S.K.: 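After the structure tokens below, expect a handful of questions from me.
Please read all numbers here as calculations on a predicted model, not as lab measurements.
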2 protein chains.
Amino acid sequence: MTRAATIDVLVVEDDPVAAEAHALHVSRAPGFRTVGTAHSATQALRFLENARAAGRPVDLTLLDLHLPDGHGLQLCRTLRAAGHGTDIIAVTSARELTTVRQAVSAGVVQYLLKPFAAATLHERLDRYARYRASLARTGEATGQDEVDQAFAVLRTSERSTLPKGLSAPTLEAVATVLQHADGSLSAAAAGVRAGVSRITARRYLEHLVDTGLAVREPRYGQVGRPELCYRARNMSGS
Amino acid sequence: MTRAATIDVLVVEDDPVAAEAHALHVSRAPGFRTVGTAHSATQALRFLENARAAGRPVDLTLLDLHLPDGHGLQLCRTLRAAGHGTDIIAVTSARELTTVRQAVSAGVVQYLLKPFAAATLHERLDRYARYRASLARTGEATGQDEVDQAFAVLRTSERSTLPKGLSAPTLEAVATVLQHADGSLSAAAAGVRAGVSRITARRYLEHLVDTGLAVREPRYGQVGRPELCYRARNMSGS
DNA sequence: CACGTTTGCGTTCATAGAGTTCACGGCTGA
DNA sequence: TCAGCCGTGAACTCTATGAACGCAAACGTG
């Protein structure tokens, strides 16, 4: 590869704790390096300007769309207008479909919904690295196929392998229920909301605990065995 | 079949003959309408401004990157900075990989190399229509899956020929059954209605999911493994 | 402080549908 | 006519789910 081996990443995230976590995960991915974190659009813009001026433009920006001083997509547009070429992965809890659409037109390469497992972030980064590698070769595309291939690598989703006995849609459903619940939920309550049995809900909740996306907390006070509740561990500050 | 609300297209192309040809092809695609052509960046910008001011913003722009008064990607950035949401298909003979990369970061939804067959343009337009339909539903994404699906529909390149093992008439039959069913169908039910086995029905339903024409949704509640149901994705913008 | 009560956890297992493999029959081209 | 390929479906294995049930943990009462 003619390119610099490492991909320089800027993490833009409102919540300092989440920012730290993201930065750590990025640095752990082979070939990636976190070169900075920013907690606001202003900081992010300044960082990118400085990096570019220093001749080390940021390759990839992990961008939370919810920022204290403006919307992330607005920052995207500002960046593009200023000629910044940094690729952007939107990392956000914004689930509105119109936002997704706007993100695409603003030139976001991927759109990652919070909360996500560390493995998911890794998979996306790996995918981005492959996309980049496929276009790093200087020169010209041999044909439409090669262009299509680059797009496909970037955009096709690769199902991460789940433990036996678990299915992706159910996991999605349970995770969503847990995220949208304010406070914590018992397995039974989560089951009802997700439309599955307590047993199934518990299975997936335990998986979420295993992967670090949820935490268990017993709830005492009532007569009988304490109720075991689950709470989404928020990777977002929003 | 009730068609989607029409998608308004602006053709931006330096060469008047090619512009005419593109406009014609676009108008022939069901659901698409050419609302104008422009032969320069200035004209294009003016047209988009006027259309937006008139309350009929252009949905999609077919943009040649080589324009007499500037580069198409620069026009992209200008548009984004001005808050234009029009989606853009780059139509160009520029084969440089760096240009492809820049196009992605400028928010181009597809990148079509000239010269191309009319069928190729059609396929891309159809794909864009599906992407649009998948995000037209107001509301929120149920999860990462749905977002990924939208990206995949947009970016996966589709061979005009069906995958091995599938036949056009059967696909037609299964698709029709699914369209006419109110609500969702299990593979078995679809098979019965289409007059094929569950296995065959499943094959074609999966293909429909891959191409973004259908969605899967598990149905819980009964004892035993959950039933996996398929639902035709609504192509009409409500 | 010990013991019963109460409540929900956690496990085991039957079940029904998913998903895969492979053999058959028909069509096509030589 | 024969050879090869392609779409189909039967048989089979696998997997995700929920019902049943015993057990664990905290509270209440003496």
S.K.: Does A/Ala173 have any side-chain contact (heavy atoms from CB on, under 4.5 Å) partners at least two apart in sequence or in another chain, and if so, which?
M.R.: none
S.K.: Of A/Gly224 and A/Gly195, whose closest DNA chain D nucleotide lies nearer the 5' terminus?
M.R.: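 Upstream on the strand: A/Gly195.
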S.K.: Whole Å only: how far is the CG atom of B/Leu166 from the P atom of D/dG7?
M.R.: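 Result: 7 Å.
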S.K.: Let's go through A/Tyr128 and A/Arg124 carefully: what are the C-alpha distance in whole Å and the side-chain angles of both, what is the deciding distance for side-chain hydrogen bond (donor to acceptor under 3.5 Å, both in side chains) to 0.1 Å, and is it a yes or a no?
M.R.: CA-CA 6 Å; A/Tyr128 171 75; A/Arg124 298 305 161 119; over 6 Å; no
S.K.: Go through D/dG28, D/dG9, D/dG18 for me and flag the one nearest to the A/Val223 side chain.
M.R.: D/dG28
S.K.: Less than 4.0 angstrom between a side-chain N/O of A/Thr200 and OP1 or OP2 of D/dT17, yes or no?
M.R.: no
S.K.: If every non-hydrogen atom of A/Thr99 is compared with every non-hydrogen atom of A/Ala94, which pair is closest and at what distance?
M.R.: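 The answer is CG2-CB, 4.3 Å.
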S.K.: OP1 or OP2 of D/dA10 sitting under 4.0 Å from any side-chain N/O of B/Ser197?
M.R.: no
S.K.: Would one find more than 12 heavy atoms of other residues, nucleotides or ligands at under 6.0 Å from atom CD of B/Glu172?
M.R.: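 Open.
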S.K.: Distance under 4.0 Å to a non-hydrogen atom of chain B counts as contact; along DNA chain C, which nucleotides mark the start and end?
M.R.: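 From 5' to 3', the first and last contacting nucleotides are C/dT15 to C/dT20.
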S.K.: Considering just the side-chain nitrogens and oxygens of B/Tyr204, establish if one lies under 4.0 Å of OP1 or OP2 belonging to D/dG7.
M.R.: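 So the side-chain polar atoms of B/Tyr204 never come under 4.0 Å of the phosphate oxygens OP1 or OP2 of D/dG7.
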S.K.: Salt bridge or not for B/Arg101 and B/Glu96, using N-O below 4.0 Å?
M.R.: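 B/Glu96 and B/Arg101: not salt-bridged.
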S.K.: Using whole Å, report how far CZ of B/Arg198 lies from P of D/dA11.
M.R.: 12 Å
S.K.: Any side-chain heavy atom of A/Ile89 sitting closer than 4.5 Å to one from A/Val108?
M.R.: no
S.K.: Rounded to the Å, how far apart are A/Arg225 CZ and D/dG22 C1'?
M.R.: 11 Å
S.K.: Hey, which of these two, A/Leu228 or B/Ser186, hits DNA chain C nearer its 5' end, going by closest nucleotide?
M.R.: A/Leu228
S.K.: Would you mind reading off the distance between A/Leu171 atom CG and D/dT15 atom C1', rounded to a whole angstrom?
M.R.: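 Answer to the nearest Å: 16 Å.
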S.K.: In this structure, how many angstroms lie between the P atom of D/dG9 and the CG atom of B/Leu205, rounded?
M.R.: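 Roughly 13 Å, once rounded to whole Å.
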S.K.: List the residues meeting ring-ring contact (aromatic ring centres under 6.0 Å, His included) with B/His22, not counting sequence neighbours, and say none if there are none.
M.R.: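 Residues passing ring-ring contact (aromatic ring centres under 6.0 Å, His included) with B/His22: B/Phe116.
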S.K.: Once you apply a heavy-atom cut-off of 4.0 Å, does B/Ile199 come out as touching a base, just sugar-phosphate, or nothing?
M.R.: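 Base contact.
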S.K.: Between B/Thr170 and D/dT8, is there a side-chain N or O to OP1/OP2 distance below 4.0 Å?
M.R.: yes
S.K.: Taking OH from B/Tyr220 and P from D/dG18, how many angstroms apart are they, rounded to a whole number?
M.R.: 8 Å
S.K.: Give the rounded distance in Å between these two atoms: CD of A/Gln222 and P of D/dG28.
M.R.: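 One finds 11 Å between P of D/dG28 and CD of A/Gln222, rounded.
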